[in-house]
Amino acid sequence: MTKKSVKGFSKLSKEAKIEWIANEYLDGDEECVGLLKSYWHNDAKVQKIHDEFIENTISNFYVPFGIAPNFLINNEIFCVPMAIEESSVVAAASKNATFWMNRGGFKAEVVSTTKVGHVHFAWYGEYETLLGFFESIKHKFVEQTNDLTENMRKRGGGILDIQLVNKTDDEPNYYQLMAKFETCEAMGANFINSILEEFSKILQGELENSDLSEADKKVMVIMCILSNYTPECLVRAEVSCPIESLTEGTDLSPEEFAKKFEQAIHVAKIEPYRATTHNKGIFNGIDAVVIATGNDFRAIEACGHTYAAKDGSYSSLTHVDITNGNFRFWIEVPMALGTIGGLTALHPMVKFAHQLLGKPNAAQLMKIIACVGLAQNFGAVRSLVTTGIQKGHMKMHLLNIINQLGGTAEERKIIKDHFSDKVVSHKAVVDYFCALRGITQEELQNQNK
Ligand code: MEV
């Protein structure tokens, strides 16, 4: 059947969209229709909220929502909500939270909370002329956006600074108005973008009405947009303990462990191949909490990776120092988060996540999330330099494999017991499963068709 294109799809009802997809793409498959509908929430009001988050919603897509308890952060315990599909992430966060709870916990601080945005524009005269003009009208950017910033100023935020940036060394005629903002508990994207668009109008209007030459009045605004790179919206989290306390459950001496751990972090600092995986593990933890708390994980990831490359080569977001037998491990990562606006007031699970965390403000949430990233990285590197990563990872993945094979509750118990002291691999589980059922692998494939 040829796949049909469609006009006005977004205007169809949800039922009609599903019917159209089923008819045009799925040979009218009623099972697929049933599947999509079975994922609708049984409370129509809740479903409507989800429907309206995006365009063309036809169903929901489940991701597990788990809890990592025992995060002791600045002497307060948190039960951290995490939304993620990867088997071992919540287990590792929980395990390492408990590990550090028993060693004094995490210390976290917000270094700064400044966000940034730009009006990117082209101008064709002498830089000095533009600079003089900019200085003479700079106050108008603030004055003429007072209405837009009023509520934010009442909350303690607003425009912090506006500068003219000369980028003509990189690109002919290219300049920026670079503005810095404090957006308090909001992530601030809409606030910042609205103000930047207003700035561009002010710039164009002031040039037009100036006594500059006709040539110097000419400006082309390229675009107005916040930057998701927020190196001045920065959080730092740290753990520390004597190296003797690190090796519980490992075969290594404290000195061996400390040396290997230190070298592993160093490898991640100097080798982008490793740094990428190292930081990916950090974002396993960060993203899961960012998603559960209704924040934009793409923005947080993009920013973190740019920050990881800020010194000219992609590098580790975590750092270690071992001096006089004391182990200190920390993360420094930018994180532009919001605890009001966006999904935070709409998504019932997001609301629950904020409630569970004690309704943190943005700075508190930055600290919690940085600690989860640090815990995740500590757990990964600790496993990597001791047992290897597959032991813990495959143990968690075991249930997925048994589910894929269609194991019963009884088989599941037997298989879990069997592998409790063995290395789990996909092949080993399939072999054992077949032996348990007394079938060949071919018969298994036929059973699961
Ligand atoms: C897997 O999702 C993440 C790790 O690869 C991270 C790491 O290697 O540090 C375990």
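Atom set for the values below is all heavy atoms of this structure, side chains included, hydrogens, waters and symmetry mates excluded. Indexing begins at 1, ligand by ligand and atom by atom, following the structure's order.
- For the residue pair Thr318 / His278, a side-chain donor-acceptor distance below 3.5 Å is found, with atom types taken as modelled.
- Relative ring orientation between Phe261 and Phe329 is described as perpendicular, the plane-to-plane angle rising above 60° on a 0-90° scale split at 30° and 60°.
- With sequence neighbours left out, the salt bridge (charged side-chain N to carboxylate O under 4.0 Å, His left out) criterion links Glu256 to no other residue.
- When the heavy-atom distances from atom 4 (C) of ligand 1 to Thr318, Thr277, Ile282, Asn279 are ranked, the shortest goes to Thr277.
- Looking at atom 3 (C) of ligand 1, its nearest protein heavy atom turns out to be Asn284 ND2, 3.5 Å.
- For the 3.5 Å distance criterion, the side chains of Asp51 and Gln47 qualify, holding a donor opposite an acceptor.
- Below 4.0 Å from some heavy atom of His278 lie the following atoms of ligand 1, by number and element: 9 (O).
- Residue Val89 does not touch ligand 1, judged by heavy-atom distances below 4.0 Å.
- Atom 9 (O) of ligand 1 has Arg274 NH2, 2.8 Å as its closest protein atom, hydrogens excluded (heavy atom only).
- Residue Lys280 has at least one heavy-atom neighbour below 4.0 Å for each of these atoms of ligand 1: 1 (C), 2 (O).
- Counted by atom type alone, Glu332 and Tyr307 present one or more donor-acceptor pairs between their side chains at under 3.5 Å.
- Taking the six-membered ring where tryptophan is involved, the planes of Phe378 and Phe327 are perpendicular, since the angle between them exceeds 60° and thus also 30°.
- Looking only at heavy atoms of the protein, atom 1 (C) of ligand 1 is closest to Glu86 OE2, 3.5 Å.
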